[in-house]
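First comes the structure, then the notes that go with it.
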Amino acid sequence: MKITTAPPTGTVPGQSQPDAPSKPPSSLAARAFAVQAAFTHLPGDVHSLRAIAHAAGLDDATTHRILKTGLTDGTFEQVSRGRYRLGTGTARAGVQAMAHSPSAASTHTILERLHQATGGLALLYVLSPFGGAKRLCTDYVIGDLDPAEVGMSAEDVVSVSRSLRTGASGRVILAYLPQTIQDLVLAEDVPPTAGPGVIRDNEALAATLDEIRQLGFGVGRQECMPGWDSVAAPVLWHDSIMGAVLLLRRSAEMPADLRPLIYHTLKAAESISELTTSPLAAAM
C-alpha cells in the first residue's frame, strides 16, 4: 500500500496564500482541472477569483472563464460577486466514484480474519465529509462479545467515535487529509466523554499525525474509552484516504510487543485498500 504525506498546506488566517504551481498548466483541460484542484488547497469553502487563480497558477481572466463555464453543470457555484465554491456537480462525481468502493461482503471477510488472528475487535471506519470531516463505522466483527461490554453509550457513538480528534482510527484518517481540513478538525472541541488518554494539546496531536504518515499506522491508549487500547491503519484509494481499519483490545490484555497486532492490522488495511483499485474484486 502506498503511503504518502498529506497534500500541500493551505492557508489559515495570518498566513500567506499557498504557492502557485511552478509551471502553469498548458492545455485547456489541464487548466480546468487546476482550477478545480485549487479549491482543495484553500482554507474554507468560498474563495475569491484572485485566490483561486493564484492557487491554480493562472491569470484572473483565464480562471474567470473556466469558473463561468463550470457554473452551467454545477461544477462551481457563484455565491456572491467574485466569490465561488465547489458545486454539486463535483459532489456527484465523488459519490459516483465512491459507489464502486469494495463490497460489504469482501470487507467483512477481511475483518473476520483480523479478529481471528488477534482476538480483538475489528472495525472499519470510513471518512464522511457530511457536516464536517467525521468518521463512521460501517462494519465490525466483535465475536461473542456483548456490545454493552465495550462500554459505549449512544452519546459516545454519535460524538466520540465520530470525531477525528480521538482514537487511533480518527487520527489515522486525519493524518492523510489536506492541511486545511486538519486545521478545521483541530479547531473542534474534544468530545466531553472522550477517554482519559485523549490527546488534548493540538501541537502534540499534530506531531502524532506526522508519525502516522511516517510509520503507516497509529496506536491509541484509552483515547475513546477507558480500559480500551487500539491500533489503526489507513485504507487508501491510491493516495486518497478512504477510512481506517481499527483493532480494539482491552488495555489489560494489550501485549507489550505490539508488532504482531500492528502487522495484522496493516495487512487488513492493505487488503481493503487493494479492493478499492480492483473493481472486479470489489464486486465479488
**Request:** Would you check, one step at a time, whether the test side-chain contact (heavy atoms from CB on, under 4.5 Å) holds for V235 with L124?
**Result:** CA-CA 9 Å; V235 172; L124 176 62; 4.2 Å; yes
Nearest 0.5 Å, what's the [atom1]-[atom2] distance between [X] and [Y]?
X: L127; Y: L164; atom1: CG; atom2: CG; answer: 6.5 Å
X: Y140; Y: T107; atom1: OH; atom2: OG1; answer: 13.5 Å
X: H54; Y: H47; atom1: NE2; atom2: NE2; answer: 13.5 Å
X: L111; Y: L247; atom1: CG; atom2: CG; answer: 10.5 Å
X: L136; Y: S128; atom1: CG; atom2: OG; answer: 4.5 Å
X: I241; Y: L177; atom1: CD1; atom2: CG; answer: 7.0 Å

Smallest separation among heavy atoms of [X] and [Y], with atom names:
X: A269; Y: P234; result: CB-O, 3.4 Å
X: A194; Y: T166; result: CB-CG2, 4.2 Å
X: R213; Y: A175; result: NH1-O, 2.9 Å
X: I173; Y: R135; result: CD1-CB, 3.9 Å
X: Y84; Y: K68; result: OH-CE, 4.0 Å
X: S230; Y: L246; result: CB-CD1, 3.5 Å

Spell out, as yes or no, whether a donor-acceptor pair under 3.5 Å connects the side chain of [X] to the backbone of [Y].
X: T265; Y: V245; result: no
X: H115; Y: L121; result: no
X: R31; Y: L58; result: no
X: T138; Y: Y125; result: no
X: S273; Y: L236; result: yes
X: E223; Y: G195; result: no
X: T180; Y: P43; result: no
X: N202; Y: L186; result: yes

Can you get from [X] to [Y] by hopping between Ile, Leu, Val, Met, Phe, Trp and Tyr side chains that sit under 4.5 Å apart?
X: I142; Y: M225; answer: yes
X: W237; Y: I110; answer: yes
X: V172; Y: V198; answer: no
X: L258; Y: Y263; answer: no
X: V219; Y: L215; answer: yes

**Asked** Considering residues at least two apart in sequence or located in another chain, which fulfil the salt bridge (charged side-chain N to carboxylate O under 4.0 Å, His left out) criterion with R221?
**Response** D229
**Message:** Under the rule for salt bridge (charged side-chain N to carboxylate O under 4.0 Å, His left out), what residues qualify as partners of R259, not counting sequence neighbours?
**Reply:** D257
**Asked** With sequence neighbours left out, what residues match F76 under ring pair (Phe, Tyr, Trp, His ring centres under 6.0 Å)?
**Response** F39
**Prompt:** Going through the distances and angles, do L174 and L209 end up as a side-chain contact (heavy atoms from CB on, under 4.5 Å)?
**Reply:** CA-CA 7 Å; L174 185 61; L209 304 184; 3.9 Å; yes
**Request:** Ignoring hydrogens and angles, state whether a donor on the side chain of Q179 or D183 is under 3.5 Å from an acceptor on the partner side chain.
**Result:** yes
**Under the side chain to side chain contact (heavy atoms under 4.5 Å, CB included) test, residues paired with E253 that sit two or more places apart** = R249, R250
**Request:** Quick one: name the residues clustered hydrophobically with V79, using the 4.5 Å side-chain heavy-atom rule over I, L, V, M, F, W, Y, and just say none if it's on its own.
**Result:** V46
**Request:** Show your reasoning for whether side-chain contact (heavy atoms from CB on, under 4.5 Å) applies to T63 and L49.
**Result:** CA-CA 7 Å; T63 303; L49 170 63; 3.7 Å; yes
**Request:** For side-chain contact (heavy atoms from CB on, under 4.5 Å), just list the numbers for H64 and L67, CA-CA rounded to whole Å, side-chain angles, deciding distance to a tenth of an Å, and then say yes or no.
**Result:** CA-CA 5 Å; H64 184 258; L67 289 169; 5.6 Å; no
**Minimum side-chain heavy-atom gap L42-I52 below 4.5 Å** = yes
**Message:** With heavy-atom distances below 4.5 Å as the criterion, would you say the side chains of I272 and M242 are in contact?
**Reply:** no
**Heavy atoms from other residues, nucleotides or ligands near CG of D189 exceed 12 (cutoff 6.0 Å)** = no
**Note: E211-R171 ion pair, threshold 4.0 Å (strictly below)** = no
**Asked** Who pairs with D73 by side-chain hydrogen bond (donor to acceptor under 3.5 Å, both in side chains), at least two apart in sequence or on another chain?
**Response** T75
